[in-house]
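Written below as structure tokens is the structure these notes are about.
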Amino acid sequence: MADAPATPASKPKSLRRKGGLVDPQFIRNFSIVAHIDHGKSTLADRLLEVTATVSKREMKEQLLDDMDLERQRGITIKARAVSMLYVHEGQEYELNLIDTPGHVDFQYEVSRSLICCEGALLLVDAFQGVEAQTVANAYNAIEHDLEIVPVLNKIDLVHARPDEVKEEIEQTLGLDASEAIGCSAKTGLHCDQVLDAVIKRVPAPTGDPEAPLQAMVFDSVYDDYRGAIVYVRLMNGAIRKGDKIKFLQAGSTHDVVEIGQLAPARTKRDRLSAGQVGYVICNIKSLDMVHIGDTLTAAHGEQAEPLPGYEEPKRMVFCGLYPSDGQDFEELRDALSKLKVNDPSFVFEPETSDALGFGFRCGFLGLLHMEIVQQRLEGESDIDLVQTAPNVTYRITKKDGEELEVHTPTRVPDQGEIEKFEQPIVRVSFVMPTEYIGGIMKLCADRRGEFIRQEYLSPTRAMLVYDLALAEVVYDMHDRLKSITRGFGTMDYEIKGYEEGDLVRLDVLVKGDRVDALSIVCDRRDAETRGRAVIKKLKSEIPRHMFEVPLQAGIGTRILARETISAMRKNVTAKCYGGDISRKRKLWEKQKEGKKRMKSIGQVDIPQKAFLAVLETGEDDKGK
Ligand SMILES: Nc1nc2c(ncn2[C@@H]2O[C@H](COP(=O)(O)OP(=O)(O)OP(=O)(O)O)[C@@H](O)[C@H]2O)c(=O)[nH]1
């Protein structure tokens with residue numbers, strides 16, 4: 001367990017130098033990298049408890065995941081930093097745990113957080129073993145030159161297999177796992193050893209507290225009362241309340257109103273110096289002015305060099321969001337603007353669709369990010385939304401030399417005008433029990449994946465690496481992987497770049513009218529199968545009308561698939577014979593509710609679900 005609290009007789013040596021600056025040699029900055037559900041948040045909670053940063057009574061489960069939504073989904077979305085004091089062999093240390101999001105959509109944030117650390121705990125579930133994100137996150141940490149401390153979690157489980165998992169770590173990552181610490185984040189067993197290992201194995205930061213201020217912005221959150229709260233890691237120099245500071249990338253200068261650390265609540269400090277991690281508040285009224293990865297320095301006097309590599313986060317997935325009721329357009333704009341204040345990586349712009357009216361095209365870092373934004377929208381406003389199917393960003397060079405970045409299939413020019421049609425390609429790693437290798441290979445082959453390599457992690461588990469079009473991955477790759485491997489497979493991907501493809505725009509016509517929200521971009525060779533599948537799905541989703549509704553899919557004027565919804569008079573109250581008017585009313589009410597989620601195109605009512613018909617790949621029809 002933790003060292004006993006200091007008594008006057010055994011007062012630990014302070015980590016401060018004369019003059020009050022914290023001596024960098026007594027600071028350790030580290031993060032925990034892990035595959036989802038391997039216990040990162042639980043371990044973070046335990047470390048806070050062992051260091052008495054939070055008492056058991058105060059300990060709400062998974063303190064670091066403080067957003068409601070994160071708690072619901074059990075996924076750490078935004079990076080956070082907590083400072084803990086810990087006494088090791090009579091010396092006081094400041095341990096800063098920088099929490100990183102584990103999901104690929106937030107890769108840029110992960111990368112910025114890792115720059116702020118000197119070491120990382122590589123947390124692996126001692127039963128599940130190494131998974132796709134374990135590998136991806138570990139490589140990421142190795143690339144950032146971090147000292148990696150392997151930790152096997154959940155050793156309390158009867159089926160834990162620590163020795164095999166150690167071997168998997170050595171085999172896949174080439175790390176020495178002989179001294180890996182076995183712990184249980186749930187019971188607290190050996191969690192103190194984890195902290196001792198952090199102190200012994202993670203190097204101290206090397207910054208100079210006397211040099212000009214240079215700090216990395218690795219996260220920010222928006223607070224309604226205080227404005228933007230900027231999380232920084234000081235590389236060099238010091239910062240005090242009242243200082244004038246400058247963001248080098250954004251070029252803006254501000255007065256520092258408050259500085260402090262998270263312990264884990266915001267705790268004011270007089271100053272922060274090289275090696276430390278904390279927050280800065282400057283009354284900044286919009287998160288748009290704060291860029292993750294930016295460098296903070298002094299506004300006057302000697303300025304520091306910008307830290308390497310600021311990047312705009314890349315939005316790879318787009319979809320349209322439309323209010324079901326056109327009246328709600330302004331309300332939706334307000335809701336989206338409010339969301340953006342807290343999440344600058346999300347973008348939106350107004351767009352009109354013949355089918356859906358006025359709405360917004362929204363850009364996300366990835367599919368999970370999209371889901372999260374939608375859930376927040378639904379949770380925070382009660383606008384009834386229609387969402388179009390997600391698509392990726394294409395690059396098109398036209399014959400007249402014009403270059404376009406296209407976020408929506410409707411904007412794809414006609415085939416005859418296109419010289420070059422490019423799409424994003426990702427490198428995907430799958431980790432799974434060996435018996436499913438065949439299934440995954442088939443899935444990737446069907447999606448025109450390019451095989452890169454296969455590795456055995458242990459006699460029973462393997463890793464497959466493929467290059468695939470991002471468009472093939474964003475739709476349902478994860479779901480298919482889970483179903484093929486009965487839940488035992490995991491995947492992760494990184495963007496490789498753009499490559500030319502044989503792509504076409506496939507249009508859908510409902511009763512002769514092209515429905516722009518139903519257009520998709522796909523590989524020419526898949527167009528017919530996709531077209532058939534979409535039409536078939538639409539047929540099952542669109543209710544019968546009092547007239548025939550022909551459905552067609554095609555490229556340009558060439559029709560590839562056709563179905564017809566036959567006419568019917570729908571009399572839903574017919575079965576309520578007898579005169580019970582209240583039952584009839586209930587049915588009518590229900591119908592009205594259903595109508596709200598519909599869009600009328602021409603004379604045809606299309607339910608919201610039908611707009612997702614474009615996700616149909618037609619693979620099921622091929623007998624898979
Ligand atoms: N038996 C056992 N269960 C554990 C242990 N540590 C974590 N768990 C459980 O594993 C599950 C996942 O733990 P989390 O801490 O939420 O995992 P995480 O890695 O933070 O997950 P994300 O935040 O989704 O990335 C929870 O149900 C925990 O209760 C452990 O040492 N032993």
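Heavy-atom basis, side chains included; hydrogens, waters and symmetry copies ignored. Whatever order the structure lists ligands and atoms in, that order sets their numbers, starting from 1. Start at 1 with the first residue, then count along the sequence.
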Below 3.5 Å, N or O to N or O, backbone or side chain included: is there any such pair between [X] and ligand 1?
X: Thr187; answer: no
X: Ala185; answer: yes
X: Leu157; answer: no

Note: Asp156, heavy atoms under 4.0 Å from ligand 1, region reported as side chain
Report the part of His38 in contact with ligand 1, treating N, CA, C, O as backbone and CB onward as side chain, heavy atoms under 4.0 Å; options are side chain, backbone, both, neither.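 Near ligand 1, His38 shows its backbone, while the atoms from C-beta on stay back.
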Mark up the atoms of ligand 1 that fall under 4.0 Å of a heavy atom belonging to [X], in ascending order.
X: Ser184; value: 30 (C), 31 (O), 32 (N)
X: Gly39; value: 7 (C), 13 (O), 14 (P), 15 (O), 17 (O), 18 (P), 19 (O)
X: Ser41; value: 15 (O), 18 (P), 20 (O), 23 (O)
X: Ile36; value: 24 (O), 25 (O)

Glu455 meets the side-chain contact (heavy atoms from CB on, under 4.5 Å) criterion, sequence neighbours left out, with Arg453, Met463
His407 and Phe318 aromatic ring geometry - parallel, tilted or perpendicular at 30°/60° bounds | parallel
* Determine, considering heavy atoms only, which of Thr42, Asn153, Ile32, Asp37 sits nearest to atom 14 (P) of ligand 1. =>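 It is Thr42 that holds the nearest heavy atom.
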Does the distance from a Lys or Arg side-chain N to an Asp or Glu carboxylate O, for Glu168 and Arg161, drop under 4.0 Å?
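Yes, charged N to carboxylate O under 4.0 Å.
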Check for me whether the distance between the ring centres of Tyr466 and Phe451 falls short of 6.0 Å.
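Between Tyr466 and Phe451, the centre distance is under 6.0 Å.
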Given 3.5 Å as the limit, does a donor-acceptor pair link the side chain of Lys340 with the main chain of Phe346, or not? yes
* Asked: Can a donor-acceptor pair be found between the side chains of Ser83 and Asn96 at a distance below 3.5 Å?
  ->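 The criterion, which ignores hydrogens and geometry beyond distance, is satisfied for Asn96 and Ser83.
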Exercise. Go through the side-chain N and O atoms of Asp219 and Tyr279 and say whether any donor and acceptor fall under 3.5 Å apart.
Key: no
